[in-house]
Amino acid sequence: MPPQNDEERRLMRRVEELCRVAQDRGIPRYTGFLSDREQTLAEAACHRAGFSAFRFWGGYPEAERRVLCLEPPEAWQEAPVAFLQITAQGADLPEHRDHLGAILGLGLERACLGDLIQDPEAPAVFYAAVLADKQAFIAAELTSAGRCPVQANPCDALPDRLARGPERTVREATVSSLRADAVLAAMMHTSRARAADYIAAGRVEVNHLALQAAHAPVYARDIFTVRGVGRYQLTEIGGKSRKDRIFISFFQY
């Protein structure tokens, strides 16, 4: 997937340079946390640089924001991701955006912070995936989020019950073609005309890029974001039915 602007081109050039350093010097290199779109671009840059010893890691298998790890064979591996347990100590419990704003308010860039996960069994507790070299700083400096005092303590990992990630219901449908409007209509349980209206109104992104045409082809693992509705992932494209319709599997985030 080609870069769309100067910022994305800079990211790809930076990843290619990190690949060269890792390969030539035989040492691991790591980026900050990347979004889904940035991960796609970073992977393309690795392939363009001819570097195959890479992986993405966000601290747990289901992480959305992840670090690109460039680790040549036989090189030592670092642990680029660490966690903080952030506990609110007041009645006015902070939300996700409050924690995000408080951490970035310490003067950190967004790339220093991965996923923020609320403990469903303890609403006052959030876990933050952070770059390992920022863990001690955040733990020492983070004292409030929103209007609530908080205490941030370093921890080695997420609790197992959170690390497994949320259980998502995979659904199945059949579509007449792999056009964007047909697939989106099936996922949203609406008409193809209605799905096309969402696309024409500029409300649909695929892999974090605006979907330009209803007839655009889509592929397995594509992520659809429909503004005001939700997000979906096309998990699998299967064979055809007796009526020549295509089987698909998907889930809603």
Side-chain angles (χ1 to χ4, degrees), residues 1-25 27-59 62-72 78 80-81 96-97 100-101 103-105 107-116 128-134 178-180 183-184 198-235 253:
M1 185 178 296
Q4 301 295 309
N5 52 51
D6 288 343
E7 184 177 350
E8 292 188 349
R9 283 186 279 272
R10 285 194 294 271
L11 170 65
M12 294 190 72
R13 288 195 296 269
R14 177 170 171 262
V15 169
E16 289 184 59
E17 178 59 28
L18 290 174
C19 288
R20 285 190 286 271
V21 172
Q23 184 65 52
D24 294 345
R25 299 175 59 185
I27 58 175
R29 300 283 85 183
Y30 301 90
T31 66
F33 287 97
L34 305 175
S35 67
D36 290 340
R37 167 68 178 168
E38 290 169 333
Q39 290 169 46
T40 300
L41 294 168
E43 182 171 356
C46 289
H47 291 310
R48 195 160 70 181
F51 190 87
S52 60
F54 69 89
R55 63 187 176 95
F56 290 96
W57 181 239
E62 298 296 321
E64 293 188 20
R65 292 181 60 80
R66 298 184 294 173
V67 170
L68 172 64
C69 308
L70 306 170
E71 298 165 328
E78 300 176 6
V81 179
H96 182 283
R97 64 176 180 269
L100 176 61
I103 293 173
L104 298 184
L108 297 174
E109 296 182 353
R110 185 66 179 91
C112 296
L113 179 62
D115 290 0
L116 276 165
V130 299
L131 294 181
D133 62 357
K134 299 294 188 293
L178 294 176
R179 284 173 48 125
V183 172
L184 185 61
Y198 277 101
I199 296 168
R203 294 178 61 181
V204 182
E205 294 182 351
V206 175
N207 300 327
H208 308 283
L209 289 177
L211 183 58
Q212 301 294 334
H215 64 263
V218 297
Y219 305 93
R221 308 295 295 175
D222 278 352
I223 296 174
F224 293 71
T225 303
V226 185
R227 190 165 67 250
V229 177
R231 286 205 305 163
Y232 305 82
Q233 184 176 91
L234 177 60
T235 57
Y253 286 88

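Starting from 1, each residue takes its place in the sequence as its number. No experiment lies behind these values; they were computed from the predicted model shown.
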Can you give the donor-acceptor pairs under 3.5 Å from side chains of residues 211-223 to other protein atoms, not counting sequence neighbours?
{"from": "R221", "atom 1": "NH1", "to": "Q233", "atom 2": "OE1", "distance (Å)": "3.3"}
{"from": "D222", "atom 1": "OD1", "to": "N207", "atom 2": "ND2", "distance (Å)": "3.0"}
{"from": "D222", "atom 1": "OD2", "to": "Y219", "atom 2": "N", "distance (Å)": "2.7"}

Partner residues of [X] under the side-chain contact (heavy atoms from CB on, under 4.5 Å) criterion, sequence neighbours left out:
| X | answer |
| --- | --- |
| R203 | Y198, A201, R227, V229 |
| Q23 | F51 |
| R66 | Q39, F56, A63 |

Note: A45 and E16 closest approach over all heavy atoms is O-CG, 3.7 Å
Nearest-0.5 Å distance, [atom1] of residue [X] to [atom2] of residue [Y]:
| X | Y | atom1 | atom2 | value |
| --- | --- | --- | --- | --- |
| D115 | E62 | CG | CD | 10.5 Å |
| L116 | L100 | CG | CG | 6.0 Å |
| E43 | M12 | CD | CE | 10.5 Å |
| L113 | I103 | CG | CD1 | 5.0 Å |

What pairs with H47 under ring-ring contact (aromatic ring centres under 6.0 Å, His included), at least two apart in sequence or on another chain?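 Expected list: F54.
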Test of understanding: with side chain to side chain donor-acceptor pair (under 3.5 Å), list the residues that count as partners of [X], not counting sequence neighbours.
| X | value |
| --- | --- |
| D36 | H208 |
| R110 | none |
| R55 | E71 |
| T235 | none |

Keeping the roles fixed (side chain from T31, backbone from L68), state whether a donor-acceptor pair exists under 3.5 Å. yes
Residues forming a salt bridge (charged side-chain N to carboxylate O under 4.0 Å, His left out) with [X], sequence neighbours excluded:
| X | result |
| --- | --- |
| R179 | D181 |
| E64 | R231 |
| E17 | R20 |

Decide yes or no for [X] and [Y]: does some side-chain heavy atom of the first lie under 4.5 Å from some side-chain heavy atom of the second?
| X | Y | answer |
| --- | --- | --- |
| R9 | R13 | yes |
| L70 | V21 | no |
| L131 | Y30 | no |

